[in-house]
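Comments concern the structure below.
Lettering follows sequence order; numbering is per chain, from 1.
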Amino acid sequence: MRLKRDHHCGQLTEDLRDRIVCINGWVNARRDLGGISFVDVRDRYGIIQVRFGAELPESLLKEVKHLNNEDVVAVRGRIAVRPSDSVNPKIPTGTIELLAEDFALLNKAKPTPFEINKRQTGSEDLRLKYRYLDLRTAELQRNMQIRHHTAQVVRRFLSDKDFMEIETPVLMKSTPEGARDYLVPSRINPGKFYALPQSPQQYKQLLMVAGYDRYFQIVKCFRDEDLRADRQPEFTQIDCEMSFVDEEDVRSIMEVMIAEVFRKVIGVTIPLPLPVLSFHEAMERYGSDKPDLRFDMEICKLDELAAQTDFSVFKTALEQGGVVRALTIPDAADFSRKTMDELTEQVKKYGAKGLAYVKVDKNGLQSGIAKFIPAALVPGLLQHCKAKAGDLICFAADEWETALTSLGALRLMMAKHFGLINKDEYKAVWVTDFPLFEKDPESGRLMARHHPFTSPKTEDLDKLESDPMAVKARAYDMALNGYEIGGGSIRIHNRDLQSRMFKALGIGPEEAQEKFGFLMNAFEYGAPPHGGIAFGFDRLIMVLCGEDSIREVIAFPKTTTAQSPMDGAPSEVDPKQLDELHIRLK
RNA sequence: GGGGUUGUAGUUCAACUGGUUAGAGCACCGGCCUGUCACGCCGGAAGUUGCGGGUUCGAGUCCCGUCAAUCCCGCCA
């Protein structure tokens, strides 16, 4: 190759003045002033302005004249300090330029479907189809750099703490207990299928049995469920497991890791130790098991006051074993009827039947359900809800979890509406003491809230059969700015307890042996007490990058219909392939 | 599985209450210009208004269906 590079565009400095250097890169912009023209050449490291003067050969200048954005070029020239009135303070190399002496067009580019140097052009759909072009943008290059850096910090940290990085199989046995599995047919074993791991959970527990007492892996996981802005069908976890530990051991080492990531990658200090909230407290105060602590606006408990009102909605909810909770929204008393109707629609998505409210002014309560609240209760209500004139108090009367999640969602909407969230703030918190089980609303059957390998709290062991819904789990989640970025637990390491757990979940001994026998058998050969955690690597990067969508931090993401517009996956396959796999389509 | 939003030139958007030949910036093509850096100036080309149907004298606009993207609920052990 002629004119092979010896420097990167973004690494050129004044120290190199008068040196002859050669750069390769993409045309970021061209400014043709007639006698001279300027071409900004871009590579991964930055942008340098190249000056093509009139003294250059005619043929070369003609070629430069027809350069387009994204053409791939090579330039050899002399580094020169720019005239003082021509400095560009917007770019790091703005005090210098490259005086071209030789030039080669390495490859021509068609006009791009959207503009690389203006990221607001082009729909996301289009950008995904031409992802290799989108990845050239400064925004995605920065995000990929942060992702890379984070992975290196995590590896270094865990390795220094004696964690071993061990790869686990991608083709594994299907255990369809939680999310749907992605299945892979086996050609050699007709009619049989592998599953792609939803997480390496069983393998890492087996590694503990094997004595590898500290394991980690930055690993792809797969879940065939519907997607969201923060959910992809294939995603990456920082998966960790440790032996001879309790909850505090896992949490204390992992919060140091997260703090180190924030310090080294984006220069943010996260004070340690992190606050710890019980699931119950997180729900009661913030209406969420992944609370955003960057702003206050806490929910308040209102059962006793509500019972004294004349409002039938409150009374009915309480009689049916539900609760009444309130959220005071500061300075929202001027919300229109239309706004209130919209908010009502929003909370209904979370199962609330409606949204009762009162507006507070200097004379007391106005509008909404004010007439049902006896005057004698008003001072107490205002004090309890920390409400002042100009505020709006919203009420939810419903089953406990519904009432709180509805107000929790409202709390988030209002924080965004009033701009209460500081984008540069990072508030992490541990949420603990989750219930071990939850009820499937359709079948009424018990389901593991975390997963079936989570250990119950020791003091709740005797309630596993008699009162399972009261059993707490030795589980912990890390929430960061309202995102669940990690979750883990102390695991069951005893065959009998694991059997009791499966039984509680309605999985009989035969089924348990068939599906998880390998793990349960392993427990009989000296399984150490162990526990671990998995962080959503993509979500963590998303927060580090200040992005709202996980697609912005994944090199080649899928759409919300789990497709890849760029390569057309998933696609139909040749009938011959299906035949080899012993598969016939319906 | 359900609900919301969006879909107009390569691209970002506009087009009033249904009314003339669907406009503008950027990109593209041609020309001018020796200190620009989102260069500037002059000119040009560029459209199945996502797709299919309906209402109407007349549809980018209203209605029905459909497709795609996106956001949310369910779901995500």
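Base pairing analysis places rU21(B) opposite nothing; no Watson-Crick or G-U wobble pair with both distances below 3.5 Å involves it. Across the strands present, rC41(B) finds its partner in rG31(B); the criterion is a Watson-Crick or G-U wobble pair with both atom distances under 3.5 angstrom. When Watson-Crick and G-U wobble pairs are counted only if both distances are under 3.5 Å, rU66(B) pairs with rG50(B). When both distances must be under 3.5 Å, the Watson-Crick or G-U wobble mate of rG74(B) does not exist. Pairing partner, rU8(B): none, since no Watson-Crick or wobble contact has both distances short of 3.5 Å.
Applying the ring pair (Phe, Tyr, Trp, His ring centres under 6.0 Å) test to F434(A) and every residue at least two apart in sequence or in another chain returns F279(A). With sequence neighbours left out, the side chain to side chain contact (heavy atoms under 4.5 Å, CB included) criterion links A397(A) to V313(A), F314(A), A317(A), V324(A). Remark: T175(A) engages Q202(A), F516(A) in a side chain to side chain contact (heavy atoms under 4.5 Å, CB included) (not counting sequence neighbours). The side-chain hydrogen bond (donor to acceptor under 3.5 Å, both in side chains) search around D43(A) returns none, not counting sequence neighbours. Qualifying side chain to side chain contact (heavy atoms under 4.5 Å, CB included) partners for K220(A), counting only residues two or more places apart in sequence or in other chains: F222(A), E234(A), T236(A). Every ring pair (Phe, Tyr, Trp, His ring centres under 6.0 Å) that Y45(A) has, sequence neighbours left out, goes to H8(A). Residues meeting the side chain to side chain contact (heavy atoms under 4.5 Å, CB included) test with E465(A), sequence neighbours left out: R500(A).
Between rG40(B) and rG47(B), the distance separating the two P atoms is 26 Å to the nearest Å. Across the C1' atoms, rG60(B) and rA45(B) are found 23 Å apart, a figure rounded to whole Å. Across rG50(B) and rG7(B), the matching P atoms stand 8 Å from one another, rounded to whole Å. When the P atom is used for both rC75(B) and rG1(B), the distance is 15 Å, rounded to whole Å. rA9(B) and rG52(B): their P atoms are spaced 16 Å apart (whole Å). Spacing between rG18(B) and rU36(B) at atom C1', rounded to whole Å, works out to 49 Å. On the P atoms, rA59(B) is 12 Å away from rU21(B), given to the nearest whole Å. Spacing of P atoms, rG23(B) relative to rC16(B), comes out at 13 Å, to the nearest Å.
The separation between I116(A) atom CD1 and rC26(B) atom C1' is 14 Å, rounded to whole Å. At whole-Å resolution of the value, NZ in K108(A) and P in rC28(B) are 9 Å apart. The nearest whole Å value for the distance from the CZ atom in F114(A) to the P atom in rA27(B) is 16 Å. Put simply, CD on E345(A) is 14 Å from C1' on rG2(B), counting in whole angstrom units. Following rounding to the nearest Å, H66(A) (NE2) and rG30(B) (C1') show an atom-to-atom distance of 9 Å. In this structure, Q563(A) atom CD and rC67(B) atom P are separated by 12 Å, rounded to whole Å.
Near RNA chain B, meaning a heavy atom under 4.0 Å from it, residues 474-493 of chain A has no residue at all.
Between the Q498(A) side chain and the P452(A) main chain, a donor and an acceptor come within less than 3.5 Å of each other.
Distances shorter than 4.0 Å separate none of the side-chain N or O atoms of N69(A) from OP1 or OP2 on rA27(B).
Taking a 6.0 Å sphere around NZ of K290(A), one finds it holds 12 or fewer heavy atoms contributed by other residues, nucleotides or ligands. Surrounding CZ of R445(A) are more than 12 heavy atoms belonging to other residues, nucleotides or ligands, all under 6.0 Å away.
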Going 5' to 3' through nucleotides 34-41 of chain B and flagging B where a protein heavy-atom sits under 4.0 Å of the base, S where only the sugar-phosphate is that close, and - otherwise, we get BBBBSB--

Contact pattern, 5' to 3', of nucleotides 70-77 of chain B - B, S or - by protein heavy atom under 4.0 Å = BSSBBBBB

Show which side-chain atoms of residues 51-68 of chain A pair as donor or acceptor with protein atoms under 3.5 Å away, not counting sequence neighbours.
from   : atom 1 : to      : atom 2 : distance (Å)
K65(A) : NZ     : D32(A)  : OD2    : 2.8
H66(A) : ND1    : K62(A)  : O      : 3.1
N68(A) : OD1    : K108(A) : NZ     : 3.1

Distance-only criterion, 3.5 Å: show the donor-acceptor pairs between side-chain atoms of residues 479-491 of chain A and protein atoms not counting sequence neighbours.
from    : atom 1 : to      : atom 2 : distance (Å)
N481(A) : OD1    : K427(A) : N      : 2.8
N481(A) : ND2    : E425(A) : O      : 3.0
S489(A) : OG     : T454(A) : OG1    : 3.3
S489(A) : OG     : R491(A) : NH1    : 2.7
R491(A) : NE     : E241(A) : OE1    : 3.4
R491(A) : NE     : E241(A) : OE2    : 2.8
R491(A) : NE     : S489(A) : O      : 3.4
R491(A) : NH1    : H451(A) : NE2    : 3.3
R491(A) : NH2    : E241(A) : OE1    : 2.8

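Residues H417(A) and F335(A) bring their aromatic ring centres within 6.0 Å.
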